Amino acid sequence: MSDRTCDVVVVGAGPTGLSAARTLQAAGKDVVVLEARDRVGGRTWTDHIEGQMYEIGGQWISPDQSALLDLVEELGKETYQRHREGDSVYIAPDGTRTVYNGDMFPVGESTQAEMERLIAQLDELAARIGATAPWEAEDAVELDSVSFHHWLRNQSDDELACANIGMFIAGGMLTKPATAFSALQAILMAASAGSFSHLVDDHFILDRRVVGGMQSVSEQMAAELGEGVVHLNSPVRTIGWTEDSVTVGSDAMTVSAASVIVAVPPNLYSHISYTPHLPRLQQIFHQHQSMGLVIKVHATYPTPFWREDGLCGTGFGAGQLVQEVYDNTNHGEERGTLVGFISDVNADAMFALDEDTRKQRILESLADFLGAQALEPEVFYLSDFGAEEWTRGAYATSYDLGGLHRWGRFQNDPVGPIHFASSDIAAHGYQHVDGAIRIGQDTANKILST
Ligand code: FDA
């Protein structure tokens, strides 16, 4: 017995699910969205901690992310640029701190040349292979059979150049050690952002933010869907299906429809029970897409003190606990906020510590970049999506070694009336909100065209 029937059920009220629902509804379809959490937005989440607004999840938009930029404009929202005036800080593996300006890390001349050569090589690979079907490249098997770590070291014997380049994709994007994913996966990441050069250019990749927070994009989409469309606190547990119908069972209600979009990250597909069970192919490859792990560090101070020292707040250090730090001061605020990122094994190490020691170690790392004032924040908070049942990691999923060329071509295929969509299987905008919007719209259009 269903509580409700409609045309399409959407599982998950993140940016993917909501943009799919929006597209379907605009075409006249009756849609129900079932969301496990008590809020919409998924991995975008804007909240107040001790009175301070933080972007706990996704926040930045780059200039090429036109699907998201168009949506933001359509919703009547404003964006603003990240503060970027001033010098950056680089900390070398031996702990030497250098203040610099410009795009290139202040490393020795030969390392700089080697980094430029690797960036050019990755740009060329990204342009040739692209984000849409990297598995079709003639060298896909070869590139997918070697870890990004080892691929880099096969190209160059300059260890520092390899570590610095590796950081942009490993700690910086996929949030797994560079030994855990392939060179092909790294090239997909670069291609999905337009080029590898875009990933190393923080002015590009971390360009703008949404006034009022990125979650407000999802909140407004949900509100515009109208009463009774989005159901919170409704984790979907079961999907029964035939070739042309689904019955979707959540804790709150059961909905029957012609099709369903499972708009959750791939690591959560198998937490839903399917009757009949999914084909062998999906049962196998869904196990090979796993979440990375990153702690997003937020620290707020009475003022953005680093600006008085001529610093923009940006810092990089491939060997540091906090590998990247940026000025994340909110639009129109006097207080200054820093955001930093601690990835994979460093995140494991932090979670093994007690809360006070963890905080102290992290603040010391921020202070190494920006000075002793960083030790005394007024508000301090760590985003921990690894502990969230309905995400289980951050930022997104990627294949383990060899998985992308083997299974990537199948990841967007529906199984009967069951469609899968999330930023994690988007091409352009892969792992980003922009990719979520694109794949939400594309999946809805696929359903509309059948
Ligand atoms: P998302 O995970 O957002 O939404 C899925 C929804 O499904 C969730 O609401 C979840 O609760 C729900 N769900 C799961 N299982 C369910 C079930 N069984 N039943 C019902 N509901 C279920 N991107 C970017 O563009 N710029 C950035 O700066 C960042 N930074 C960043 C930082 C951090 C800390 C994180 C975690 C992520 C980012 N991202 C980002 C990534 C970005 O947030 C992400 O790509 C999108 O939110 C993905 O949107 P989706 O809708 O695909 O999944």
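For the numbers below, each heavy atom of this structure counts, side chains included, while hydrogens, waters and symmetry mates do not. Just so it is clear, the model here is predicted, and its values are computed rather than measured. Order of listing sets the numbers, starting from 1, for every ligand and every atom in it.
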Subject >> Between K296 and Q59, a side-chain donor and acceptor under 3.5 Å >> reply: yes
Subject >> Within-cut-off N or O pair, Q59 and ligand 1, under 3.5 Å >> reply: yes
Subject >> Polar contact flag for R37 and ligand 1 (N/O pairs, less than 3.5 Å) >> reply: yes
**OP:** Please work out whether any backbone atom (N, CA, C, O) or any side-chain heavy atom from C-beta onward of A396 is under 4.0 Å from ligand 1, and answer side chain, backbone, both or neither.
**Re:** neither
**OP:** Just jot down the ligand 1 atoms closer than 4.0 angstrom to any heavy atom of I56, in number order.
**Re:** 34 (C)
**OP:** Classify the side-chain pair S66/R438 by whether it contains a donor and acceptor separated by less than 3.5 Å.
**Re:** yes
Original post:
Could an N or O of ligand 1 be found under 3.5 Å from any N or O of Q431, whether backbone or side chain?
Top reply: yes
Subject >> Side-chain heavy atoms of D344 within contact of Q323, under 4.5 Å >> reply: no
Original post:
Mind checking whether P15 has an N or O less than 3.5 Å away from an N or O of ligand 1?
Top reply: yes
Original post:
Can you find an N/O atom of A36 closer than 3.5 Å to an N/O atom of ligand 1?
Top reply: yes
Original post:
Relative to the heavy atoms of V264, which atoms of ligand 1 are at a distance of less than 4.0 Å?
Top reply: 7 (O), 13 (N), 14 (C), 15 (N), 16 (C), 22 (C)
Original post:
Hey, is W60 touching ligand 1 through its side chain, its backbone, both or neither, going by heavy atoms under 4.0 Å?
Top reply: both
Subject >> ligand 1-proximal atoms of L268, by part, heavy-atom distance under 4.0 Å >> reply: side chain
